[in-house]
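Notes follow once the structure below has been shown.
Counting starts at 1 for both ligands and their atoms, following the listed order.
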Amino acid sequence: MQTTFNDIVEDFISNKIGISANFLSIDLAKKLKGNLNDLLNHQKLKNAGIGNLVDFQNDKLIRNDSIYWLDRSHNNKFENEFLDLIDTFVTFLNETCYTGITSYEFHYALFPIGSFYRKHIDQFKNDDSRQFSMIFYLNADWNIGDGGELNVFHESCTQSITPTNCKAVFFKSNELAHEVLETLVPRMSITGWLKRN
Ligand code: OGA
Ligand code: MN
C-alpha cells in the first residue's frame, strides 16, 4: 500500500492531480459497489445538492447524481474497510507532506444514465476546510463510449480521466475546476474530502 500511496502523491506533486489505476483492490471495489446497489434498492440514496448548508441549492441543471454519506456508525464491514484505508492514507499524507488533515467526509455517488456534474470547484466559498478531493471509481465494466469521464481543467489543457474500476484520483479542493461528462451507463463512485479545521 505504501507504494500506491507514494505513487499517487508523487503524481499529484508533478501534475496537480494524482491518479492511481489500482488504489482499491478488485475485491474491495466489488464490495463497495454491492453496498451502493443495496442502498439504491433500499431507496437510501438522496439527490445531491451544491454548496453547503448555509448556501444550499439543489440544482438539477448543475448535478444530478444521488449520494449517501459513509459513517462508521453504520457498522458496515466493507465501509469500515474503506475508511481504514483512508485513515492509513491520511496518516501517510500527514507524515510525508505535513498536510495537517484532521478529518474527512466521503459519500457514495450514483450517476444514473444521462446524468452529469457541470464544471465546479469543490471548496465552498464560505468554508475552506476541504483541502483535498478524492474520488474512487466502482465501475467494473466501464468501456470507451460509456461517457461519464472526469474532465479536469488545467491552465493550458483539459485532462480527461476515465472512471474505471478501482481507480483513485487526488487533487487540491481549491485549485482544480472539473466536471463529469454525461454518462450513458449507471456510474458508481465514492467521493470525499480530506479536511483541515
Ligand atoms: C464531485 C465530483 C467527480 C467524479 O462529486 O464533487 O466532482 O468523477 N465528482 O465523480
Ligand atoms: Mn467535484
Side-chain angles (χ1 to χ4, degrees), residues 8 11-12 15-24 29 32-33 35-37 39-40 44-53 55-71 82 86 103-154 158-195:
I8 199 168
D11 193 25
F12 160 75
N15 303 309
K16 292 198 168 208
I17 179 160
I19 304 177
S20 167
N22 302 296
F23 196 99
L24 300 179
L32 294 168
K33 181 182 173 166
N35 277 357
L36 191 32
N37 273 317
L39 291 164
L40 174 66
K44 299 263 191 195
L45 299 173
K46 296 269 160 30
N47 290 340
I50 53 170
N52 56 12
L53 290 177
D55 175 22
F56 188 88
Q57 293 175 63
N58 202 335
D59 195 338
K60 291 236 169 258
L61 296 174
I62 295 182
R63 71 185 292 189
N64 38 35
D65 54 326
S66 299
I67 67 166
Y68 184 85
W69 293 96
L70 282 72
D71 198 306
F82 172 80
I86 297 299
S103 65
Y104 52 72
E105 54 191 2
F106 281 90
H107 63 60
Y108 298 91
L110 169 69
F111 284 76
I113 293 174
S115 63
F116 51 78
Y117 193 162
R118 302 293 186 222
K119 185 175 178 182
H120 67 280
I121 285 187
D122 285 344
Q123 197 176 81
F124 297 128
K125 289 199 176 77
N126 56 4
D127 174 358
D128 64 1
S129 60
R130 287 180 171 183
Q131 296 295 313
F132 297 98
S133 304
M134 296 191 84
I135 307 151
F136 303 86
Y137 298 111
L138 309 176
N139 305 301
D141 20 63
W142 189 88
N143 290 301
I144 293 181
D146 286 349
E149 288 89 350
L150 171 66
N151 271 351
V152 174
F153 298 95
H154 296 278
T158 302
Q159 182 179 5
S160 172
I161 298 166
T162 55
T164 50
N165 205 34
C166 303
K167 184 184 281 182
V169 300
F170 172 72
F171 54 95
K172 281 284 289 152
S173 302
N174 63 349
E175 246 177 42
L176 287 185
H178 52 282
E179 69 181 353
V180 177
L181 296 184
E182 180 179 346
T183 183
L184 306 178
V185 295
R187 176 192 195 267
M188 294 186 174
S189 55
I190 291 180
T191 299
W193 297 277
L194 309 185
K195 300 168 73 167

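- For the ligand labelled ligand 1, residue H120 lies inside the 4.0 Å heavy-atom shell.
- At least one donor-acceptor pair under 3.5 Å links the side chain of D11 to the backbone N or O of I19.
- Heavy-atom proximity to V180, at under 4.0 Å, picks out these atoms of ligand 1: 3 (C), 4 (C), 8 (O), 10 (O).
- The distance criterion of under 3.5 Å between nitrogen or oxygen atoms is not met by S189 with respect to ligand 1.
- Those atoms of ligand 1 with a heavy atom of L150 less than 4.0 angstrom away are 3 (C), 8 (O).
- For atom 5 (O) of ligand 1, the nearest protein heavy atom (residue, atom name, distance) is T191 CG2, 3.6 Å.
- Restricting D122 to its N/O/S atoms, the shortest distance to the Mn ion (ligand 2) is reached by OD1.
- Between T183 and S115 the shortest side-chain heavy-atom distance falls below 4.5 Å.
- Nearest protein heavy-atom contact of atom 1 (C) of ligand 1 is Y117 CE1, 3.5 Å.
- Taking the six-membered ring where tryptophan is involved, the planes of F82 and F136 are perpendicular, since the angle between them exceeds 60° and thus also 30°.
- Closest to atom 6 (O) of ligand 1 by heavy atom, among L176, I50, D122, I190, is D122.
- Judged by the 6.0 Å distance and 45° axis criteria, K172 is positioned over the aromatic ring of F132.
- Contact detail for R63 and G49: the closest heavy-atom pair is NH1-O, 2.8 Å.
- Less than 4.0 angstrom separates some heavy atom of Y137 from each of these atoms of ligand 1: 4 (C), 8 (O).
- Between H178 and F171, the ring-plane angle classifies as perpendicular under the 30° and 60° cut-offs.
- Judged purely by atom type and a 3.5 angstrom limit, R130 has no side-chain atom pairing as donor or acceptor with the backbone of W193.
- Listed by number with element, the atoms of ligand 1 under 4.0 angstrom from any heavy atom of R187 are 4 (C), 8 (O), 10 (O).
- For R118 and F116, the positive end sits near the middle of the six-membered ring, less than 6.0 Å away and at most 45° from its axis.
- Comparing K167, K119, H178, E149 against atom 7 (O) of ligand 1, the shortest heavy-atom distance belongs to H178.
- Looking only at its N/O/S atoms, H120 has NE2 as the one nearest to the Mn ion (ligand 2).
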